[in-house]
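First the structure, in the form of structure tokens, and then the observations on it.
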Amino acid sequence: VMVSGSGSNLQALIDAIEADTLLQAEIIHVISNRENAFALERAAKHNIPTTVSLLKPYKTDGRGREQYDLDLVQTINELQPDLIVLAGWMHILSEAFLTEVGCDVINLHPALPGQFAGTKAVERAFEAYQRGEIAYSGCMIHHVIPEVDAGDVIVQAIIPMFDDDTLEKFTDRMHQTEHLMIVQAVQQIQLKYKETSHE
Ligand code: GAR
């Protein structure tokens, strides 16, 4: 699981595994691109190994973004995961990363397909509602391709918006749905793997 922030979606996966909702799943490692991500504490609390992989030193010493991605993919491939879940990972993964990585990569995005790609999607959706441009928003989990927040959708859900919403209320509603959806998406991938291993 790759994270950058609070890790509430990581927590949803941890809880589902501990509650036996996600059978035969194991989070083997958590990678964060931020040193102070609360997600790291959540992982440590459940004895999940973590790695912090910072881009800044690569920028400072001239190795650059491409080398960062290649080193990251090497770290990941050595861990031999079956699946990478981007759960609030706030870096765009390069085409080189996606070519080299040895497993599926899925991403959680707090908007519907084709809407509000990139950062601050929740805030931008909230503002768009205030301006009367959208009537609802949503969230999705999709396969990762080089285009940002695009790729085949695994699960999606509509999040209603209300006139008396605050950004905080809307964000909370978004997170509650995300926490269910991320578990569903991993379940679906597990089913897909099970079917292909039986072919
Ligand atoms: C989630 O809302 C997720 O949809 C968003 O980051 C948040 C992470 O929350 N991801 C993106 O915006 C990706 N473009 P968390 O750290 O509490 O799981």
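Both counts, for ligands and for their atoms, begin at 1 and track the order of listing. Just so you know, residue 1 is the first one in the sequence shown, and it goes up from there.
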Query raised in the report: Can you tell me the protein heavy atom closest to atom 11 (C) of ligand 1 and the distance?
Result: Pro110 CD, 3.5 Å

Report task. Pull out every atom of ligand 1 sitting under 4.0 Å from any heavy atom of Gly88, numbered as shown with elements. Result -> 6 (O), 8 (C), 10 (N)

Query - Distance, nearest 0.5 Å, that separates NE2 of His29 from CD of Glu78 - result: 10.5 Å

Report summary line: heavy-atom search around atom 1 (C) of ligand 1 in the protein gives Glu178 OE1, 3.2 Å

Query raised in the report: Taking all atoms of both residues into account, what is the closest heavy-atom pair of Thr119 and Arg124, and its distance?
Result: O-NH2, 2.7 Å

Report task. Report yes if Trp89 has an N/O atom closer than 3.5 Å to an N/O atom of ligand 1; otherwise report no. Result -> no

Query raised in the report: Where do His143 and Asp152 land on the side-chain hydrogen bond (donor to acceptor under 3.5 Å, both in side chains) test, with the steps shown first?
Result: CA-CA 5 Å; His143 289 280; Asp152 287 347; over 6 Å; no

Report summary line: For Asp149, the ligand 1 atoms with a heavy-atom partner under 4.0 Å come out as 14 (N)

Query raised in the report: Between His109 and Phe116, is the ring centre distance below 6.0 Å?
Result: no

Query raised in the report: What is the nearest protein non-hydrogen atom to atom 9 (O) of ligand 1, stated with its residue, atom name and distance?
Result: Asn9 ND2, 3.8 Å

**Report entry** N or O pair under 3.5 Å between Ser8 and ligand 1
**Finding:** yes

Report task. Say whether His91 and Ser4, considering side chains only, have a donor N or O and an acceptor N or O under 3.5 Å apart. Result -> no

Requested in this report: Look up atom CD1 in Ile92 and atom CG in Leu98, then write down how far apart they are to the nearest 0.5 Å.
Outcome: 11.5 Å

Report task. Report the part of Met174 in contact with ligand 1, treating N, CA, C, O as backbone and CB onward as side chain, heavy atoms under 4.0 Å; options are side chain, backbone, both, neither. Result -> neither

Query raised in the report: How close do Ile182 and Ala12 get, heavy atom to heavy atom, and via which atoms?
Result: CG2-CB, 4.1 Å

Requested in this report: Could you tell me whether ligand 1 has any atom less than 4.0 Å away from a heavy atom of Met90?
Outcome: yes

**Report entry** salt bridge (charged side-chain N to carboxylate O under 4.0 Å, His left out) contacts in which one or both residues fall within residues 16-30, not counting sequence neighbours
**Finding:** none

Report task. Return yes when Leu108 approaches ligand 1 closer than 4.0 angstrom through a heavy atom, no otherwise. Result -> yes

Report task. List the closest protein heavy-atom neighbour of atom 14 (N) of ligand 1: residue, atom name, distance to the nearest 0.1 Å. Result -> His109 ND1, 3.2 Å

Query raised in the report: Of all the heavy atoms in Gly118, does at least one lie under 4.0 Å from an atom in ligand 1?
Result: yes

Query raised in the report: Less than 4.0 Å between a side-chain N and a carboxylate O, is that true for Lys192 and Asp104?
Result: yes

Report task. Would you mind checking which non-hydrogen protein atom is closest to atom 16 (O) of ligand 1, with the distance to 0.1 Å? Result -> Gly7 N, 2.7 Å

